[in-house]
Protein chains: 2
Amino acid sequence: MKAFHSYQNPSLAVDLVVFGYSKQQLAVLLLNRKEEPFKDCWVLPGAFLQMEERFRDTCSRVLKTKLGMDDVYMEQLYSFDEPERDPRGRAIAVAYYALVNPARVAISAGNMANDVAWFNIKELPKLGFDHHAIFEIALQRLRSKIAYFPVGFELLDELFTMPELHELYECILDTTIDRRNFRRKILDSAYIINTGNKREGAQNRHPDLYKFNKKLKKNSFQINV
Amino acid sequence: MKAFHSYQNPSLAVDLVVFGYSKQQLAVLLLNRKEEPFKDCWVLPGAFLQMEERFRDTCSRVLKTKLGMDDVYMEQLYSFDEPERDPRGRAIAVAYYALVNPARVAISAGNMANDVAWFNIKELPKLGFDHHAIFEIALQRLRSKIAYFPVGFELLDELFTMPELHELYECILDTTIDRRNFRRKILDSAYIINTGNKREGAQNRHPDLYKFNKKLKKNSFQINV
DNA sequence: TTATCTTTGCGTCAGAATAACACAAAGCTT
DNA sequence: AAGCTTTGTGTTATTCTGACGCAAAGATAA
């Protein structure tokens, strides 16, 4: 990262909006910057592209170093090019969003201290650079995507119950959805499969455990908001 | 464009998929390359980012020089980073798609000769670089977008008839749509306004002339394929 | 002028999809 | 065993959709 300013071409970085769902809350992973500019500000994790590295590889590298994670679902979001977005000079950012299950993530001890943290999306701090705009677009994309395509299970355990999936949707879409109508739509789409087992130790009636159906019957459904 | 290879950062270009609709055909604008690599191949128009230039500005510059056009509807599509996509070296392309009304376009005389041309999307030549992949993604995006959001009028004259809009949809979605059901859906969405005038000189019954409604009642509709 | 044809505008109707809601079974607590 | 909460499974009224009929407007030809 020695020559940040290339005189010919803008610098090229990847910024990541990492969503995690835990305890009925949607959270995003932020990093506390230790350098100027935006020292001590919270920002999205990111990195400059290395030679011969693809966007996806850069993302994986960040996820591995910051979170110790492999095999994360991610999708390209948008490329940001406002000339003033980085006070150091012209910098292009290709934004990706990722979905992870925080339960499976071991944030490395070194970072755990206080420079990496999950924030509830409704209680975000002020973010450095243009990262708030990036976050907003990511949230918007996640919301529209989850309404018609099965990405929700990326945020849940391998086995999950119908109420858990239902709560996830209500949380992400920030609305109430009729439990019974939701159930019908999801089951009709064959997006999930009933394993026949039940979640033991639940509070009252033990709900059925489902898993994601890798071969979808329909390739889409529609949860209206 | 002197230093194509920046040793630190990949070169950064914009590629444009320009769609035009004319004579009941959807066409895309291609350029015949005069230099290596891919000399004499058809490619998407594009340009390298200049200092302090934003993606959108680069697009406008290309549209202005190649087509003599201003004020074109465009939208960012995706950023391409395959290391092998440009044989000269690492090159990132930010792809945009644009919608124009060819009737309003005067391709400048110099280019008109034989290096810029419209191609029906069903009769595309072999394209240089990874431009076929870019085109495919653009077409896919246009199709999904037009099915739920009013972008079609960008391809038509300011005043248009219901049969014209209907044909546009059938052409882009590459399917047949019941004329009467289409009419109902579009009118229900309040996406267009009946001007009260009729297209004179039409073959038989003179159809009503509509215009785009800038203040939409509903912000979406759904034309199913 | 009248008959005929094509195109366009408007309406109907059966079936599907949806929203709102009732109810019972399963598992806790007392 | 009674009462509570949670979960699974209906039911019903309404809306939406797809398939289609029909008449008005304009052109053409007898």
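Convention: sequence-line order gives letters A, B, ...; per-chain numbering from 1. Hydrogens, waters and symmetry mates play no part in the numbers below; they use all other heavy atoms, side chains included.
Rounded to whole Å, atom C1' of D:dT17 lies 14 Å from atom CD1 of B:Ile177. Rounding to whole angstrom units, CD1 of residue A:Ile223 and C1' of C:dT18 are separated by 12 Å. Between the CD atom of A:Gln222 and the P atom of D:dC16 there is a distance of 15 Å, rounded to whole Å. Summarising the geometry, the separation between CZ on A:Arg199 and C1' on C:dC28 is reported as 17 Å, rounded to the nearest angstrom. In this structure, CZ of A:Phe182 is placed 15 Å from P of D:dT9, rounded to the nearest angstrom. Going from atom NE2 of A:His166 over to atom C1' of D:dT7 covers 12 Å, rounded to whole Å.
Taking the six-membered ring for Trp and thresholds of 30 and 60 degrees, B:Phe135 and B:Phe19 have ring planes inclined between 30 and 60 degrees apart. A:Phe80 and A:Tyr78 have perpendicular rings, their planes meeting at more than 60° on a 0 to 90° scale where under 30° would count as parallel. By the 30° and 60° cut-offs, the orientation of the rings of B:Phe153 relative to B:Tyr191 is perpendicular.
Considering every non-hydrogen atom in both B:Ala95 and B:Ile134, the closest pair reads CB-CG2, 3.7 Å. Considering every non-hydrogen atom in both A:Leu124 and A:Phe119, the closest pair reads CD2-CB, 3.7 Å.
Every stem involving DNA chain C, taken as at least 3 paired positions in a row under the Watson-Crick or G-U wobble test at 3.5 Å, is listed here: C:1-30 with D:1-30.
When ring centroids are compared, B:Tyr169 and B:Phe182 come within the 6.0 Å threshold.
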* Assess whether side-chain hydrogen bond (donor to acceptor under 3.5 Å, both in side chains) is satisfied between A:Glu75 and A:Tyr96, documenting all intermediate values. => CA-CA 6 Å; A:Glu75 196 181 327; A:Tyr96 273 68; over 6 Å; no
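The side chain to side chain contact (heavy atoms under 4.5 Å, CB included) test with B:Tyr210 is passed by exactly one of B:Leu159, B:Ile186, B:Leu187: B:Leu187.
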* Structure fact -> Heavy-atom contacts, protein to nucleotides 5-14 of chain C, under 4.0 Å, summarised as B (base), S (sugar-phosphate only) or - (none) per nt, yield -BBBBBBB--
